[in-house]
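The block underneath contains the structure these notes are about, expressed in C-alpha cells.
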Amino acid sequence: MLDLGNLFSALVTEGLGDWRTSLEPLIAERTGEHAHGDLKNWREAVDGLPEIDRLPAELDAAAVGAPNAALDARDRAALRKSLLCLRPWRKGPFVIDGIHIDAEWRSDLKWDRVVRAMHPLEGRLVLDVGCGNGYYALRMLGAGARRVLGIDPTLLYVLQFEALTRLLEPLPAHVLPLRLSDLPARSRAFDSAFSMGVLYHQRAPLEHLRQLREVLRPGGQLVLETLILPGDEPLSRTPAGRYARMRNVWHLPSVPELQIWLARSGFTDAKVANVTATTIDEQRSTEWMPFESLAEALDPAAPERTVEGWPAPRRALLVARAP
C-alpha cells in the first residue's frame, strides 16, 4: 500500500536508516488486509483513481492541491467519486481541478495561527504527530520544510493522503500508520515537532510530552496545540464521560498547568502564542464530512458550554524548546 522503498531511502538520507528494522514489520501489520473492516473499500477507492499525469502541487494556499489540472469531464467525475468514497474528510481543504474537498475543519485557519508562532521551517526536518490526512504536512512543505514525517494511527487518513499524493508530483512527505510511542526512542533527529489536537487524547500527557522532547534535536522546537480550560490557576480535569460528544478526552488542563507540564517534561522557553475559541465556522459538517460536528456538541440554549455542561472548546497554541 505504501511506497516503503522510497520511505526508507528517505530515512537513510536523514540518518535514520536503522528505523527500518522496527518500523517495516509494524507498518506491514498495520496495513495488512485484516487491519480494518473497511480497508477493502478504501483500497478500491484509491485504486479506482483515474490514470492521469501527476500534477504540480500548490502547497502555500488555503486549499492544497492542484486547482488548475484541466482534467476531462470523465476523469473529474471518476476522481470525485473515488475521493467521496474516502469520507469522512476531517482536515482540509484540498482542491483538485475544481473538486473542492471541504473538510470538517477549516485547517487553514489553524495553520495561519501556527505560522505566526513557529520558527521558520526552511530546510527543517519535521515530525507531525497525529497528522490526520497530511494537510498540515503539505503546508509545512509549502513553508520550506525539507522533509515531513507524519504519523497517525487512523488508517483511513493514511489512505486519504495516499490518494492525494498519487495525483501530485512526488513530494518529500510521508504519512504512516504509527503512534509516537512506535518510533525508536531518543532519536533526537527532528528540527521541529508538531502535536496538534493530540494531547487531550493521551492517558499520560507528560509521557507524550517527554517522547516529543526525545525526538527533537537540542534546540529543536515543539509546537503544541490542545484543548484547554479557561482560568489562571494551574489545574487539570478529566471528564467522567464525554466532552463535546468525544469519548476519548482524558485531560483538560488550564494554560498554567500546560506550562508546568512542559517544564516537568524537560522543555524550556515555553510561550503561549494563541488561545482561540473554536467556532462553527472553523469546525462543521459538510458534504465531505456529513456527520455531527461542533454545532451538535454545544448546548443550543447556552452555546458557551458543551452539551455535557463543560466550557465550550477553546484551544491553546504553545511553543517550547528542547534542551
Side-chain angles (χ1 to χ4, degrees), residues 1-3 6-7 42-115 121 126 128 130-150 152 154-176 194 196-197 281-290:
M1 184 176 76
L2 301 175
D3 186 356
N6 178 55
L7 166 68
W42 297 337
R43 183 78 266 158
E44 289 176 353
V46 175
D47 291 341
L49 293 169
E51 295 289 336
I52 60 173
D53 293 336
R54 288 194 171 222
L55 307 168
E58 293 191 16
L59 306 178
D60 57 354
V64 173
N68 302 308
L71 303 180
D72 65 36
R74 182 175 180 178
D75 283 342
R76 189 181 297 107
L79 176 57
R80 191 175 194 277
K81 179 180 178 181
S82 289
L83 295 175
L84 279 169
C85 287
L86 296 174
R87 291 184 297 182
W89 289 80
R90 299 286 183 179
K91 295 180 181 178
F94 300 95
V95 62
I96 305 290
D97 192 33
I99 301 170
H100 187 77
I101 301 176
D102 187 17
E104 176 186 19
W105 281 91
R106 283 283 311 278
S107 304
D108 55 304
L109 300 180
K110 183 184 295 187
W111 180 249
D112 289 343
R113 298 191 288 268
V114 168
V115 166
L121 294 183
V126 180
D128 185 9
C131 66
N133 58 24
Y135 174 86
Y136 293 117
L138 296 176
R139 295 304 303 267
M140 292 167 194
L141 288 184
R146 76 169 184 268
R147 186 171 303 277
V148 182
L149 178 64
D152 197 294
T154 303
L155 195 53
L156 173 60
Y157 302 156
V158 177
L159 269 292
Q160 289 174 350
F161 181 79
E162 182 184 351
L164 291 166
T165 52
R166 272 197 185 191
L167 303 168
L168 303 174
E169 291 180 347
L171 296 165
H174 318 269
V175 169
L176 305 177
F194 291 75
M196 301 191 294
D281 292 323
E282 186 167 354
Q283 184 189 12
R284 69 276 191 268
S285 302
T286 73
E287 178 188 12
W288 296 84
M289 203 300 293

Query raised in the report: Is the shortest distance from a Lys or Arg side-chain nitrogen in Glu282 or Arg106 to a carboxylate oxygen in the other one below 4.0 Å?
Result: no
Item to check | Note: Arg43-Glu162 ion pair, threshold 4.0 Å (strictly below) | outcome: yes
Nearest heavy atoms of [X] and [Y], plus distance in Å:
X: Gln160; Y: Pro88; answer: NE2-O, 2.9 Å
X: Gly130; Y: Asp152; answer: C-OD2, 3.3 Å
X: Ile96; Y: Gly65; answer: CD1-CA, 4.2 Å
X: Pro56; Y: Ala66; answer: O-CB, 3.7 Å
X: Ala143; Y: Leu121; answer: O-CB, 4.0 Å
X: Val175; Y: Cys131; answer: CG1-SG, 3.7 Å

Test item: [X] and [Y] side chains (from C-beta on) under 4.5 Å apart, heavy atoms:
X: Trp105; Y: Met289; result: no
X: Glu58; Y: Pro67; result: yes
X: Asp47; Y: Arg166; result: yes

Check for a donor-acceptor pair, side chain of [X] on one end and backbone N or O of [Y] on the other, with a separation under 3.5 Å.
X: Arg139; Y: Ala61; value: yes
X: Arg54; Y: Thr165; value: yes
X: Arg87; Y: Leu84; value: yes
X: Thr286; Y: Trp288; value: yes

Return the [atom1] to [atom2] distance between [X] and [Y], rounded to the nearest 0.5 Å.
X: Asp75; Y: Leu49; atom1: CG; atom2: CG; value: 10.5 Å
X: Asn133; Y: Phe94; atom1: CG; atom2: CZ; value: 4.0 Å
X: Leu149; Y: Leu7; atom1: CG; atom2: CG; value: 7.0 Å
X: Leu138; Y: Asp60; atom1: CG; atom2: CG; value: 12.0 Å
X: Leu168; Y: Leu59; atom1: CG; atom2: CG; value: 7.5 Å
X: Arg90; Y: Ser107; atom1: CZ; atom2: OG; value: 11.5 Å

Across all chains, not counting sequence neighbours, the ring-ring contact (aromatic ring centres under 6.0 Å, His included) partners of Trp111 are none
Partner of Val46 under side chain to side chain contact (heavy atoms under 4.5 Å, CB included), picked from Leu164, Leu86, Leu83, is Leu86
Please test Leu155 against Trp42 for side chain to side chain contact (heavy atoms under 4.5 Å, CB included), starting from the C-alpha separation and ending with a verdict. CA-CA 9 Å; Leu155 195 53; Trp42 297 337; 4.3 Å; yes
Report task. Run the numbers on Asp97 and Arg76 for salt bridge (Lys or Arg N to Asp or Glu O under 4.0 Å), then give the verdict. Result -> CA-CA 8 Å; Asp97 192 33; Arg76 189 181 297 107; 2.7 Å; yes
